[in-house]
Amino acid sequence: MINVTLPDGAVMEMDKGSSALDVAEKINHNLALRTIVAEVNGQLVDVTRPIEEDAALLLHTFDSEIGREVYWHSSAHLMAQAVKQLFPEVKVAIGPAIENGFYYDFDRDEAFSDEDLEKIEERMRELAQEKQRFERVDMARGDATKKFKRRHEPYKVELLEAMPRGTRVSVYQQGDFIDLCRGPHLVHTGKIKAVKLLKSAGAYWRGDERNKMLKRIYGITFPSKKELRKYLAVLEEAKLRDHRKLGRELDLFSISADVGPGLILWHPNGACMRNIIEDYWRKRHVENGYKLVSTPHLGKAQLWKTSGHLDFYSDSMFAAMDIEGQEYYVKPMNCPFHIAIYKTSKRSYRELPLRYAEMGSVYRYEKSGVLHGLMRVRGFTVDDAHIICTPGQLDEEVEKLLTFSLGMLRGFGFNDFAFYLATRPEKAVGEPEEWDLATESLRKALEKHEIDFKLDEGGGAFYGPKIDIKIKDSLGRYWQCTTIQFDFNLAERFEMEYIGSDNQPHRPYMIHRALLGSLERFFGVLIEHYAGNFPTWLCPTQVMVIPVSENFKHFAQRKLKALRKEGFRAEIDLRNEKIGYKIRDAEMMKIPYMFILGQREEDTNSVSIRRHGEGDLGQFTLEEAIKKIEADINNVKDEE
RNA sequence: GCCGAUGUAGCUCAAUGGUAGAGCAAUGGUUUUGUAAACCAUCGGUUGGGGGUUCGAUUCCCUUCAUCGGCUCCA
């Protein structure tokens, strides 16, 4: 007999060689049905693997991230099996689980059409119904290589040959399909109850653009049809919230093929919101000890040579332009300009930390295929700042930044964040020891704030490591906004100095940071987060005044004037239309408040308020109405 | 940039190897309106651009531009 300890501390006595599934079955049948994978003494194993000694056991269902990962990994195998049956000439590459579902890469000359996907999906359902068991076989690397050579799977052979001699590998087989795989896997394919293949696309073998482009199929599966329907509904919802669609409908921005791809035209509504965001941003920065600066869009080649951009960043820079025999570049970053400001006078340690902030518009060459609405563009405005401080001030500045950034993002209604610490990339300036030092400093700041973070190996900027903060939106998606980048290189390269208390020159430290990231991307995220139903303080039009008929035009205009005098952004709809029509229009434009003004209101000198999405709130005096809207605006801003 | 798809009126979408159509929007009029679409009329397109095949192309082919979904990259 062996003792199996469960997460709640309970100990179960089991026969030696019992499996995790046996344990689950003993607890209750339903759990056994739902169990996907077992964690025995911290190691993930197939639920059918015998447990030979006392062990701590954790059972994962579809409710856990690990459970879903295994589930989707097995689903990828199922898909590959279906593809091999339908298209035997196809070579299989790799097929992992991803955050939402799974994919599998195949080598096939033609792309998979929508009809192909349907066929594959159908075959997956059939194979799932056959409840084929995922059988694990351990073997020597060499044996596996021979096996996959016989089966004419060159990608598997390549993977195997990259492994060290003498490695033991495992292969999993379900039905006629065999795959090189660490596992673990589901018990059998019958656990997969609902299948949806979402899209097919090209993908480079091993993610390297020098390699052959394979054909990838993305799919998702669930233990029930209901869960699949729910997931598809979320995708539909995301489509409705797409900032490109809302941007057009709410007349916020556009991108013109004539102007150029990736270049944003901010329409009056969008520009109004942008100005509100910027005003708020400036106010908070001044409050937090920043000095606002403003710098040009071009700089001489030598500047970018000194900064290292031409060596490390030129792939992202637009070509040089010739000005009277001198080469100039459009700026991809603001840092050299802020440094130039710093260097205009001799600095004392008493001045530090200096915090220069700017809404700096930069231009970066992005490959045409990556452009995406406001999220990925070629010209954008970074809410940039550079903090120049003494080494001793670094930790405190990074900590302040974390607090400042989260406060600002909360002000816009975001409350969930994910943190990343990004380390030295392949192409980088500076010595590895310096990198380690700087990375440790950022790590300390995160740990001091007791922030959970993930490590992003090699994800740093070329000049230093960074902390990235991603915000979670109302659909649970993460977007990168804040980035806090340590830099020990530019100070060196530009020979920045300050005079210390010892009356000697010293090299300052520098931090680059953007809190919103880029205004363009942040605006896109805002649109999708709120689905266009912005908090009132951000709305381009806060109140639409709607007279019931032309007879109340003057009465309505007086109210409009009063609202504007109070500082509200109000408009009036004097079109020759019925009020149902005007209300519908205002509702579709997602204007938070409508004042409906007719005989009843004129008689009592009141306004009827209609709230967007809620409907008629009844009659109020203008003073009451104003208080109401002010309260709404302040309510949101209190969260700052 | 690479793989794939798409491109018809301001928007959403039809249609066909033989002179391109609807709804909304816009414009003009009628109506003076009470909480999500009044009625009538009118305007609007070299079917993204260029080239080719054809008696004839919006439809088929090539090319180019742009967009969409991915890959690589990234604020």
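Each chain gets a letter, A, B and so on, in the order its sequence line appears, and its residues count up from 1.
- As the counterpart of B:A37, no nucleotide is assigned, since no Watson-Crick or G-U wobble pattern has both distances under 3.5 Å.
- Residues A:E278 and A:R282 are paired through a salt bridge, judged by an N-O separation under 4.0 Å between the basic side chain and the carboxylate.
- Here A:E577 lies in heavy-atom contact (under 4.0 Å) with a base.
- Remark: A:E158 CD is packed, more than 12 non-hydrogen atoms of other residues, nucleotides or ligands lying under 6.0 Å away.
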In 5'-to-3' order, the base (B), backbone-only (S) or no-contact (-) status of each nucleotide in nucleotides 69-75 of chain B, using a 4.0 angstrom heavy-atom cut-off, is BBBBBBB
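- Between the P atom of B:G34 and the CZ atom of A:F555 lies a distance of 17 Å, rounded to the nearest Å.
- For the pair A:I591 CD1 and B:A36 P, the interatomic distance rounds to 15 Å; values are reported in whole Å.
- Relative to the ring axis of A:F106, A:K215 does not place its NZ or CZ within 45° and under 6.0 Å from the centre.
- Take the nearest nucleotide of RNA chain B for A:G613 and for A:G260: the residue whose nucleotide is more 5' is A:G613.
- Salt bridge A:D208/A:R206: absent, no basic N to carboxylate O contact under 4.0 Å.
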task: Test A:S474 against A:R241 for side chain to side chain donor-acceptor pair (under 3.5 Å), laying out the working first.
output: CA-CA 11 Å; A:S474 55; A:R241 286 166 178 258; 2.9 Å; yes
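- Across all strands shown, A:D616 has heavy atoms under 4.0 Å from base atoms, whether or not it also approaches the sugar-phosphate.
- Using atom C1' as the reference point in both B:U27 and B:G10, the two lie 14 Å apart (nearest Å).
- Between A:F404 and A:Y290, the ring planes lie tilted relative to each other; the angle falls in the 30° to 60° range.
- At whole-Å resolution of the value, CG in A:L617 and P in B:U35 are 15 Å apart.
- B:C43: no Watson-Crick or G-U partner with both key distances under 3.5 Å is found in any strand.
- Both distances falling under 3.5 Å, in either a Watson-Crick or a G-U wobble arrangement, place B:A22 opposite B:U12.
- Pairing of B:C74, defined by two Watson-Crick or G-U wobble distances under 3.5 Å, is not identified with any nucleotide.
- Nucleic acid contact for A:K215: sugar-phosphate only, since backbone atoms but no base atoms lie under 4.0 Å from a heavy atom of the residue.
- Look at the P atom in both B:U72 and B:G56: the space between them is 48 Å, to the nearest Å.
- Applying the 3.5 Å distance criterion, the base of B:G34 shares a donor-acceptor pair with the side chain of A:E601.
- Remark: A:R611 is positioned above the aromatic ring of A:Y593, its terminal NZ or CZ atom under 6.0 angstrom from the ring centre and at most 45 degrees off the axis.
- The residue A:A514 sits apart from the nucleic acid: no heavy atom pair falls under 4.0 Å.
- With the nearest nucleotide of RNA chain B identified for both A:M588 and A:N551, A:N551 has the one nearer the 5' end.
- Nucleotide B:G69 is matched to B:C3 when pairs are restricted to Watson-Crick or G-U wobble geometry with both distances under 3.5 angstrom.
- Nucleotide B:U35 holds its P atom 14 Å from the CZ atom of A:F552, rounded to whole Å.
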